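Heads up: the structure comes next, in structure tokens.
By convention in this document, chain letters (A, B, ...) are assigned in the order of the sequence lines, proteins followed by strands, and residues within each chain are numbered from 1. Worth saying up front: this structure is predicted, and the values here are computed from it rather than measured.
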Amino acid sequence: MIPPIAEIGLVRESIEISPNLWDISIEAPRLASVTRAGQFAHVRVSAGFDPFLRRPLSIGPIAGDVLRLIFHIRGEGTRLLAAKRSGDTIDLIGPLGHPINVPKGHNPIIFLTGGIGVVPLQILDDQMPKERERVFILGVRSAFTIPLSLSEAMQRNILWASDDGSLGYHGNTVQLLKNVVDGLSADKKPLVIACGPAGMLRGMKKFCIERNIPSLVSLEVPMGCGVGACQSCAVPRSDGKGYYLVCKDGPVFDCLDILLETASLP
Amino acid sequence: MIPPIAEIGLVRESIEISPNLWDISIEAPRLASVTRAGQFAHVRVSAGFDPFLRRPLSIGPIAGDVLRLIFHIRGEGTRLLAAKRSGDTIDLIGPLGHPINVPKGHNPIIFLTGGIGVVPLQILDDQMPKERERVFILGVRSAFTIPLSLSEAMQRNILWASDDGSLGYHGNTVQLLKNVVDGLSADKKPLVIACGPAGMLRGMKKFCIERNIPSLVSLEVPMGCGVGACQSCAVPRSDGKGYYLVCKDGPVFDCLDILLETASLP
Amino acid sequence: MTTDFNVAMSGLNFRTPLLTGSGTFGYGDEFLSLIDYAPFGGIVTKSLSVRPRPGNPPPRICETPGGGVINSIGLANPGVEAFLAEKAGILPVKETKVFLSIFGETVEEFVTVMSRLETLEGISGYELNLSCPNVKQGGISIGGDSSAIAETVRECRNITDKFIAVKLTPHHTQVAPLAEAAAKNGASALTMINTLVGMMIDVETRMPLLGTVTGGYSGLPLKPVALAKVWQASKAVDIPIWASGGIVNGLDCIEFLLAGATGLQLGSVLFADPYSPGRILEEMDDYCRRHGVKSVEELIGALEKP
Amino acid sequence: MTTDFNVAMSGLNFRTPLLTGSGTFGYGDEFLSLIDYAPFGGIVTKSLSVRPRPGNPPPRICETPGGGVINSIGLANPGVEAFLAEKAGILPVKETKVFLSIFGETVEEFVTVMSRLETLEGISGYELNLSCPNVKQGGISIGGDSSAIAETVRECRNITDKFIAVKLTPHHTQVAPLAEAAAKNGASALTMINTLVGMMIDVETRMPLLGTVTGGYSGLPLKPVALAKVWQASKAVDIPIWASGGIVNGLDCIEFLLAGATGLQLGSVLFADPYSPGRILEEMDDYCRRHGVKSVEELIGALEKP
Ligand SMILES: Cc1cc2nc3c(=O)[nH]c(=O)nc-3n(C[C@H](O)[C@H](O)[C@H](O)COP(=O)(O)OP(=O)(O)OC[C@H]3O[C@@H](n4cnc5c(N)ncnc54)[C@H](O)[C@@H]3O)c2cc1C
Ligand SMILES: Cc1cc2nc3c(=O)[nH]c(=O)nc-3n(C[C@H](O)[C@H](O)[C@H](O)COP(=O)(O)OP(=O)(O)OC[C@H]3O[C@@H](n4cnc5c(N)ncnc54)[C@H](O)[C@@H]3O)c2cc1C
Ligand SMILES: Cc1cc2nc3c(=O)[nH]c(=O)nc-3n(C[C@H](O)[C@H](O)[C@H](O)COP(=O)(O)O)c2cc1C
Ligand SMILES: Cc1cc2nc3c(=O)[nH]c(=O)nc-3n(C[C@H](O)[C@H](O)[C@H](O)COP(=O)(O)O)c2cc1C
Ligand code: FES
Ligand code: FES
């Protein structure tokens, strides 16, 4: 694993892609060249100390020297970040966490994403060898709140699920996953990689255990240091041996390794 | 004394009359109609609570419905106030403190002011019967940092003192006061009313005691409530009986009543 | 407003949970021309002692970054006799419930002051200040010792049937022994908390910003500490808790109710925004409507388990 | 930079007064790729206990308005044996002085951990954590009792000649008895202060923001409390004081030096700004130049009388 580096990125562009959903392109050549799918940056949101902590954000699609952060405005930190404009700088620490290691011998790889959870998996989609079979599921509230640009959405072969039925499958992503899995021929050995709201992850885990399908999840929990020093980002291990640290041991875990059922996820 | 009232004033104009010295005109008809010379307003500087406290500011010259606050930027509170623009509102409590009561039988009344200390005495100058003899001394650092507009300066018959000699008397206001007093005929019974930096007030008190001249001072101390409820604004009494409250008993005191020598003044 | 703000506490009914913090509202008259007292369930007056106390050398108040205030008033008050002679008449007993705060350096002083105050009409009760950080003796030192608390409360309870709130400092490692000492000996409520001990320095002059160097730290930074102490105290005893520390808006009040408070004291906020009582009730009402809460009593101690 | 940052303390020379706060810098290796360790006079590692501690149920960290942080890590650590086997090799003893923080529920546990750690090379000393708010036993309760402090420090002093800092909680009414208990029994320094107990609630979900409901409150709001405790402790004892609480910039450091601190711990600030050690030295240097201060030692305890 590459040790974390510090980089002051330069904002190139900042777009509100749908209400309260922002996509910032940042020139950060060192980070852009070493980051791999699944890793995140710890982002300073204020020059002062209120809010005090950095915000962890997945590193989104990378093009040349430019990486993207795509995020929902949730509170003060993301609000400040959304106020950054072209020419502003952003203090980044990264790449943090382990890259997603897609185990061999599975096919198709099913990306199960909900809302903003699409971000870390876009970069995996880009970096995974073209020949690997994949299914990209993305769940949204409605056709009006999609977490990527139209051209990106077209580029990827996305199976949509929407709560209100306005885009693709009418229902939640776990139901759509079930349909997808049911439609696979018996010789397929699917693997699910999921990122999204806690409810989706729990539903997915239950389904995958029932069907004996291996699955990985990318987790979001509050963080202090982001580099494994403070133990703020604990998730309970399923073997009863205490906790994993999301920033150091994750953010992507095999579902069977963690107690997703009882983990407190924001 | 009129009990304090609450009024949301409307900023009419905000001018930086010299570097970091601001003069804000505020439409506040109720306050403008009842305020008398020497009283102050307790001014909310932030809609939130950081900085937490209001700032006490003398109510400056009043014209019709409009009163003025004239202040130096010292810290965060006055900085926020200086950022107010025409059309903004200001939450004011006032008029606070006792009006200056100019005792009968004295002449001339000598206004001894230093820098921003001119503010409460301008309104006294305006409200005092025209026929009363007065001398208006104003000390400044230099001709470039005068705390009133040129037209106002011309209007009043000001004796200037400046530290650098660029305006009027070259020296401090207490030296000029001495010259003024020395030039008075023996039948005069002067009274000094002073407002300005602590050093000036202490020098004035010493001189006035030597010459047996009565003197009043307007004091500035940190305040909490501004209305006599919290006891934050204490100044030591010279009779040893504890403290006076600047907001309730002042802000103007007879020099002999307070221990100006040891009082902690910002 | 549609929410029912009535709260019952130890035999008294309060029209709202809002109270004032002792020392921030004088003897209750200074704000009469400025604000309506109807939003208050009651007010708590500046602490009174046996003898007059001139208070501490100034400066007595400063601010900290992040919305804090530090004061070192030093319990300046005219003493109980001068109070009875000059100030008792101004108490706003018609406008709202009045609780008189008492401070003593010894148990006897608490008792002496209270027995003199018992002669007054229209008073709803007392708050015992066992927690002032700005005096050398009494207060915070009595307030850190459960047997001294027990004795003080017991002796005071002996001479009055009125409401007695006992105000504690956050400077203790375990709240339970202190809270129990008060509750078992007749306290009607606990006030959690008095100020923390704090200090600021002007690095340019190398001088402390307060005449006494340290003072009592209140305002926004106190809220998380007060919440923790309210919650711990409400687990330890059954008597109602009055919350004090950093309340500036309606959602702060909701937090304190959920943590187990029944009374909510507005302290420093009254300096910045004396109109806050009305605003805060509206903000609470708004929350209650959004969450289908009919009466604020439903919220008391209704914290969900993590 | 022209200022002399060297400070001598109880026989050790530190190239700067800057230290890390235990628990915010792990065992000292995590930041190696990010920052230069030269600005540190020393680092203090995460508290170690006899047995491994998994730590508290998450969530373990949240923020408060006004620049506060609350954590409920619960002293998660691998235990002294696993530390010796797996982590001791990573201690940055080449880069800076290393002080190992120790936590125990009893005096014996402190002694056990320290005697095992005494086998390590290159360690400059220890910090005894007598003040963790996030565990039920030990820590804050030992730390509130001067005889327990005296015994713990004495027993530890019996088995080591190295530097021993003793870290105290702000949750006490009088610092002097606690500080003296440590100083008289062999402490080389006092660390003032550990976190306050704090709490936050999400009013929408009615849930506390931490899995353990309450946690340790650090960051900007802690500074005035830490300053007061540093000042009080420096009056009470002659041993050096390590300041901990809300330091984020060079002027904060100047304040703590004036109040009587010799060491300056950077805690939560390292999360927001791991590069702060270098920046802070520059800011201190700037102040010292403006004020004609040649060596930071001139500033220690140089508070002017009000
Ligand atoms: C590894 C990782 C990758 C992430 N990637 C993305 C992403 O690509 N896009 C995106 O929109 N969000 C992402 N998140 C979530 C993001 O960190 C939070 O939405 C953000 O911290 C909220 O900050 P705030 O100040 O706006 O909200 P507030 O609620 O005001 O935050 C208060 C505190 O809680 C923490 N917090 C709140 N929500 C979360 C959360 N869901 N996860 C972690 N901490 C939280 C904040 O960091 C802060 O310390 C990621 C989180 C992690 C751990
Ligand atoms: C009765 C009265 C009338 C005043 N009239 C004027 C006036 O007309 N023009 C003017 O420029 N100033 C006047 N002052 C002083 C003015 O209140 C302060 O300059 C102002 O409060 C500084 O606030 P700040 O946030 O900018 O400074 P900061 O230094 O950041 O303030 C920090 C705290 O200290 C208090 N403080 C700092 N300096 C003073 C001071 N000199 N007096 C009282 N409190 C202080 C502030 O109120 C605040 O609580 C008056 C003060 C009083 C008491
Ligand atoms: C200026 C001032 C004076 C105070 N005087 C007293 C007092 O006399 N007795 C007392 O019990 N508490 C006193 N307090 C403490 C408050 O009642 C309250 O407990 C504290 O300020 C915390 O609440 P807050 O953050 O809402 O201000 C005083 C507080 C301030 C700011
Ligand atoms: C996440 C976190 C973990 C901590 N763990 C410890 C610990 O193990 N031992 C200890 O003595 N102090 C611990 N502390 C307290 C800090 O060392 C420091 O005393 C406190 O945070 C105040 O300083 P600050 O405001 O600079 O953060 C911890 C603090 C934080 C924020
Ligand atoms: S955030 Fe500090 S260990 Fe993970
Ligand atoms: S400022 Fe409150 S009494 Fe004067």
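- Neither the backbone nor the side chain of D/Y27 comes within contact range of chain A, judged by heavy atoms closer than 4.5 Å.
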From CA spacing to verdict: side-chain hydrogen bond (donor to acceptor under 3.5 Å, both in side chains), D/T45, D/S101: CA-CA 6 Å; D/T45 58; D/S101 169; over 6 Å; no
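- The closest side-chain donor-acceptor pair between D/S49 and D/N77 falls under 3.5 angstrom.
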Go through the steps for D/Y37 and D/F31 under the test ring pair (Phe, Tyr, Trp, His ring centres under 6.0 Å), then give the verdict. CA-CA 9 Å; D/Y37 286 22; D/F31 290 87; 7.9 Å; no
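- Ionic pairing of D/E105 and D/R51 is not present here: no N-O contact between side-chain nitrogen and carboxylate oxygen is shorter than 4.0 angstrom.
- With chain D as the partner, the residue from A/C233, A/A6, A/G242 showing the most heavy-atom pairs under 4.5 Å is A/A6.
- The stretch residues 216-226 of chain A places A/P222, A/M223, A/G224, A/C225 near chain D, each with some heavy atom under 4.5 Å from a heavy atom of that chain.
- Residue D/L270: no heavy atom, backbone or side chain, is found under 4.5 Å from chain A.
- Within a 6.0 Å sphere centred on CZ of A/R12, other residues, nucleotides and ligands contribute 12 heavy atoms or fewer.
- Most heavy-atom pairs under 4.5 Å with chain A, from the set D/G55, D/G66, D/G219: that is D/G66.
- Here the closest non-hydrogen pair linking D/V230 and D/A243 is CG2-CB, 3.9 Å.
- Ranked by heavy-atom pairs shorter than 4.5 Å toward chain D, the options A/I93, A/I5, A/V235 are led by A/I93.
- Both the backbone and the side chain of D/V248 come within contact range of chain A, each with at least one heavy atom under 4.5 Å from a heavy atom of that chain.
- Ring-centre distance between D/F256 and D/W242: not below the 6.0 Å cut-off.
- Using a 4.5 Å cut-off between heavy atoms, D/T205 does not touch chain A at all.
- Interface remark: D/P52 contributes no atoms to any contact with chain A (heavy atom separation under 4.5 Å).
- Note on A/V227, A/V45, A/L53: by heavy-atom pairs under 4.5 Å with chain D, the leading option is A/L53.
- At distances below 3.5 Å, not a single donor-acceptor pair connects side-chain atoms of A/D249 with backbone N or O atoms of A/V246.
- Using a 4.0 Å cut-off between charged nitrogen and carboxylate oxygen, D/E255 and D/K223 count as a salt-bridge pair.
- Remark: the D/S218 side chain and the D/S268 side chain contain an N/O donor-acceptor pair separated by less than 3.5 Å.
- With a 4.5 angstrom heavy-atom cutoff, A/Y243 touches chain D only via side-chain atoms.
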Could you walk me through whether D/Y126 and D/F99 pass the ring pair (Phe, Tyr, Trp, His ring centres under 6.0 Å) check? CA-CA 5 Å; D/Y126 306 96; D/F99 298 85; 8.7 Å; no
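- Note: A/R54 leads A/K241, A/R54, A/R237 in heavy-atom pairs under 4.5 Å with chain D.
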